[in-house]
*Asks:* 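Here it is, the structure in full.
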Amino acid sequence: MSIPVIEVRDVGRTFMISSGFMRPKRPLHAVNGVDLAIEPGEVMALVGESGCGKTTLARMMMGLLSPSEGEILLDGKPIAGWNRSVIARAVQPIFQDPYSSLNPRKTVGSIITLPLRVQGAAEPEGWTRRAEEMMELVGLPRRLFNAYPNQLSGGQRQRVAIARALINRPKMVICDEPTSALDVSVQSQILNLLQDLRAELGLTYLLISHNLAVVEHIATRAAVMYLGRIVEQNAAEVLFSAPRHPYTRALLASVLTPDPGLGVPDTHLGASYPNPLELPSGCTFHPRCADVMDDCSSRIPVHTTVPGGHVTCHLHQNGGGSDAGT
Amino acid sequence: MASERILEVEGLSVAIPTPSGMLHPVQNVGFHVDRGETVAIVGESGCGKSLTSLAIMDLLPLRATRSADRLVLDNTDMLRIGERQMSDIRGNRMSMIFQEPMTSLNPAYTIGDQLTEGPRRHGQSGMSEARDRAVWLLEKVGITAAANRLRQYPHQLSGGLRQRVMIAMALMCGPDLIIADEPTTALDVTIQAQILHLLAELQREFHTGLILITHDLGVVARVADRVAVMYAGQIVEEGSAHRIFTTPSHPYTRGLLDCIPIPGKTARGSHLGSIPGIVPSLIGEMPGCHFAERCRHATGRCTSRPVDLGDGLEPDHRVRCVFSPEELQP
Ligand SMILES: Nc1ncnc2c1ncn2[C@@H]1O[C@H](COP(=O)(O)OP(=O)(O)OP(=O)(O)O)[C@@H](O)[C@H]1O
Ligand SMILES: Nc1ncnc2c1ncn2[C@@H]1O[C@H](COP(=O)(O)OP(=O)(O)OP(=O)(O)O)[C@@H](O)[C@H]1O
Ligand code: SF4
Ligand code: SF4
Ligand SMILES: [Mg+2]
Ligand SMILES: [Mg+2]
């Protein structure tokens with residue numbers, strides 16, 4: 001196996017949250033014991049409900065936040081202590097909101113070349129040419145070089161964000177809800193573009209999205225998070241065709257394909273949202289799980305290796321193959 | 001006999017003066033909603049969905065002007081009543097779930113005060129009854145420890161929680177008509193499914209009509225009885241959800257459905273369909289079909305004169321195109 005572009009080893013992140021006036025702060029475990037390795041050329045999707053820790057994990061992978069536990073490796077080398085701009089050379093983000101992620105007072109040209117300035121790229125005289133090439137690659141007309149973000153459509157703004165992310169040829173792009181603020185007609189253009197660029201530039205993606213139809217369409221692997229932990233991971237076609245974890249199953253059952261007459265499926269999920277400050281005992285999913293068993297509330301399930309990936313659930317821990325470490 | 005028709009809209013238009021000229025974001029829109037029915041309005045960002053619903057609620061921005069041939073809720077002609085009666089209707093018979101929750105929650109009052117205010121003001125129920133219903137609804141929209149939440153202020157809640165409080169608020173007085181503008185877009189798929197179930201349950205309970213505005217074609221297909229597709233201020237196709245999703249006619253509707261990946265149908269990783277070009281500006285007059293600049297089928301006939309919403313493939317189906325629906329089928 002090749003060296004992963006990025007590897008996350010047993011990473012955790014705790015935030016101290018005030019629980020009220022004059023009361024002591026309490027720890028919130030936003031990310032907990034996460035392992036993830038992304039191989040070159042993969043599209044790794046990260047899915048899970050709001051607040052489960054996806055963005056926190058992504059921010060640690062970009063060096064914007066340091067882990068409380070564990071380590072993150074780029075090309076096999078731990079990034080702890082690295083300068084942010086060094087990490088930014090290799091890992092670039094594309095965020096959800098193309099409206100707020102672009103500086104309204106800067107022109108398109110200067111937004112796209114920003115990473116070159118920040119990272120101190122060579123040959124400043126060639127930057128404009130590189131920006132123009134990048135604009136062409138992402139399908140932005142050159143006449144927009146001196147335009148401001150408020151003169152662009154939503155799709156064009158997201159293209160600017162993509163051009164900015166790619167100009168210094170990163171290896172890895174982290175897309176956090178890259179199309180959720182966009183119309184479906186613009187979304188399809190951006191997804192096609194991300195696919196083309198992946199082939200053309202040999203990029204590796206981490207894709208965070210609530211839109212599971214999009215994830216299923218472009219991901220090669222997928223990891224499902226619940227309350228800060230990865231509960232299942234596998235090749236996308238395996239995960240989507242034969243989900244093992246009850247939470248993954250509920251998630252996939254909630255996807256509404258545009259088939260009239262099918263109605264809204266019952267997820268069989270309890271409505272009781274967990275309080276992240278008081279994690280449920282045993283399997284943290286047990287209060288909502290449709291398949292909950294007697295000892296799920298007392299015993300913590302461990303990662304179990306299955307063909308192509310792993311799952312963390314007592315239902316899948318019979319018959320050997322249990323593998324507590326990884 | 002009580003009429004089954006809860007809302008009737010005909011010839012609804014909105015105009016807004018802007019520095020570069022008069023904007024016509026809603027143009028001659030007409031549709032109706034029956035009791036217990038769900039009508040979805042879909043279309044590209046900026047096509048006029050929110051302004052259409054604000055025009056029905058009489059909550060347009062200050063400078064905007066509304067005109068309509070008919071605007072009737074149940075048996076009340078909303079074009080002929082004063083602000084006072086309209087405000088009664090808004091709190092009581094017709095409620096709206098707004099796209100931006102913060103715009104309709106008052107930061108100075110607790111969630112509990114805001115939830116119970118409507119039913120108490122309209123004399124529908126006493127304090128404890130209203131409180132019980134508020135707690136029941138909050139739990140239904142997936143908010144735990146609902147009784148404690150009643151004492152919290154809007155800023156103490158996350159965006160997703162606020163959205164759910166908004167939904168509960170719109171349901172407090174059991175209205176005849178609910179207009180929901182992107183009610184679940186900001187939420188997870190699992191909570192989205194729960195909220196759609198709740199809306200359906202309350203619709204059955206109160207025989208409520210629902211106008212659902214959303215970008216999410218999956219939601220539309222699953223919950224709508226009928227669908228109106230808007231493009232650049234106009235309805236371009238209207239019909240049963242079954243008709244729209246199985247045999248879409250208008251080139252814009254067809255384009256929209258080709259853009260989304262459908263698990264099991266779209267080949268994994270393949271190129272998705274797209275609609276090249278951008279939406280036209282709605283400033284000033286536009287003589288012909290609004291979609292002409294982006295349409296593969298456009299001919300000279302399309303831009304020379306207005307294109308009407310014409311008969312479709314069945315009585316309840318209408319299409320705005322110079323070609324007949326039969327000609328538009330592949
Ligand atoms: N800087 C912070 N300080 C305190 N708590 C935080 C901070 N950042 C995140 N959290 C908490 O950590 C948890 C995980 O948040 P995160 O933003 O990673 O979720 P997410 O999975 O990206 O959710 P979404 O899908 O809504 O974007 C949440 O409970 C959040 O409130
Ligand atoms: N107060 C206003 N002043 C001027 N123009 C406005 C105002 N409100 C809306 N518009 C314009 O009217 C058009 C229709 O807006 P509307 O909010 O109805 O769109 P929408 O279909 O709801 O879009 P979205 O899906 O993005 O919510 C847009 O072009 C918008 O820019
Ligand atoms: S361990 Fe038990 S509670 Fe947790 S997901 Fe598996 S079956 Fe459900
Ligand atoms: S009227 Fe002409 S331009 Fe408009 S949708 Fe029909 S074919 Fe296309
Ligand atoms: Mg996030
Ligand atoms: Mg809107």
Side-chain angles (χ1 to χ4, degrees), chain A residues 43 47-52 153-156 180-192 195-196 198-199 210-220 236-237 240-241 247 250-267 269-275 288, chain B residues 43-46 139-145 158-161 185-194 196-197 200 215-224 227 240-246 255-276 278-279:
Chain A
V43 182
V47 301
E49 70 194 358
S50 188
C52 70
S153 73
Q156 287 173 331
S180 59
L182 304 174
D183 279 316
V184 291
S185 68
V186 182
Q187 166 179 296
S188 74
Q189 294 170 18
I190 297 296
L191 292 176
N192 287 345
Q195 294 274 60
D196 293 346
R198 175 183 165 223
H210 285 301
N211 187 330
L212 295 170
V214 165
V215 168
E216 180 164 3
H217 186 68
I218 77 171
T220 57
E237 62 266 28
F240 281 94
S241 61
Y247 177 65
L251 207 56
L252 297 186
S254 318
V255 177
L256 303 179
T257 54
D259 297 303
L262 286 188
V264 180
D266 192 340
T267 62
L269 267 191
S272 50
Y273 259 82
N275 176 352
R288 300 170 70 194
Chain B
E44 206 130 334
S45 180
E139 275 168 2
K140 279 284 190 182
V141 295
I143 294 179
T144 43
S158 76
L161 283 175
T185 307
L187 305 173
D188 288 280
V189 287
T190 55
I191 195 81
Q192 163 173 289
Q194 282 166 22
L196 294 174
H197 275 293
H215 287 296
D216 190 330
L217 296 170
V219 172
V220 173
R222 298 304 187 93
V223 307
V227 180
S240 68
H242 186 261
R243 175 61 67 203
I244 300 288
F245 283 95
T246 53
L256 212 53
L257 289 171
D258 283 342
C259 286
I260 51 172
I262 302 176
K265 293 200 185 120
T266 320
R268 196 188 289 277
S270 63
H271 258 225
L272 300 167
S274 58
I275 306 175
I278 55 163
V279 223

*Asks:* Would you check if the side chain of His217(A) reaches a backbone N or O of Ser270(B) as a donor-acceptor pair within less than 3.5 Å?
*Replies:* yes

*Asks:* Select one option (side chain, backbone, both, neither) describing which atoms of Gln187(A) are under 4.5 Å from chain B's heavy atoms.
*Replies:* side chain

*Asks:* Indicate whether any N or O donor in one side chain lies under 3.5 Å from an N or O acceptor in the other, for His197(B) and Asp266(A).
*Replies:* no

*Asks:* Please tell me if the side chains of Gln189(A) and Ile275(B) come closer than 4.5 Å, counting only heavy atoms from C-beta onward.
*Replies:* no

*Asks:* Check each atom of Asn211(A) against the heavy atoms of chain B and say whether the ones under 4.5 Å are side chain, backbone, both or neither.
*Replies:* neither

*Asks:* Based on non-hydrogen pairs under 4.5 Å, which of Ala221(B), Ala193(B), Ala241(B) is most in contact with chain A?
*Replies:* Ala221(B)

*Asks:* Taking the side chain as every heavy atom from C-beta outward, state whether Pro263(B) and Thr257(A) have any pair of such atoms under 4.5 Å apart.
*Replies:* yes

*Asks:* Is the shortest side-chain heavy-atom distance between Leu256(A) and Leu196(B) below 4.5 Å?
*Replies:* yes

*Asks:* Closest approach of Ser188(A) and Gly273(B), non-hydrogen atoms and distance?
*Replies:* OG-O, 2.7 Å

*Asks:* Relative to chain B, which segment of Ala253(A) carries a heavy atom at a distance below 4.5 Å: side chain, backbone, both, or neither?
*Replies:* neither

*Asks:* Tell me, for Ala200(B) versus chain A, whether the close heavy atoms (under 4.5 Å) come from the side chain, the backbone, both or neither.
*Replies:* neither

*Asks:* Using non-hydrogen atoms and a 4.5 Å limit, figure out which bit of Val219(B) sits close to chain A: side chain, backbone, both or neither.
*Replies:* both

*Asks:* Scan side-chain atoms only and decide if Glu44(B) and Ser185(A) contain a donor-acceptor pair under the 3.5 Å cut-off.
*Replies:* yes

*Asks:* Going by heavy atoms in the side chains, are Leu272(B) and Gln195(A) under 4.5 Å from each other?
*Replies:* no

*Asks:* For Gln156(A), is it the side chain, the backbone, both, or neither that has a heavy atom closer than 4.5 Å to a heavy atom of chain B?
*Replies:* neither

*Asks:* Could you tell me if the side chain of Glu49(A) sits less than 4.5 Å from the side chain of Thr190(B), heavy atoms only?
*Replies:* yes

*Asks:* Quick check: do Lys265(B) and Asp259(A) have side-chain heavy atoms less than 4.5 Å from each other?
*Replies:* yes

*Asks:* Which atom pair, heavy atoms only, marks the closest approach of Arg268(B) to Glu216(A)?
*Replies:* NH1-O, 2.8 Å

*Asks:* May I ask you to test the Pro258(A)-Arg222(B) pair for a side-chain heavy-atom distance under 4.5 Å?
*Replies:* no

*Asks:* Step by step, would you call Gln194(B) with Ser254(A) a side-chain contact (heavy atoms from CB on, under 4.5 Å)?
*Replies:* CA-CA 9 Å; Gln194(B) 282 166 22; Ser254(A) 318; over 6 Å; no

*Asks:* Side chain from CB out, backbone as N, CA, C, O: work out which of these in Leu191(A) comes under 4.5 Å of a heavy atom of chain B, or both, or neither.
*Replies:* side chain

*Asks:* Identify which of Gly46(B), Cys259(B), Ser274(B), Gly255(B) forms the greatest number of heavy-atom pairs closer than 4.5 Å to chain A.
*Replies:* Cys259(B)

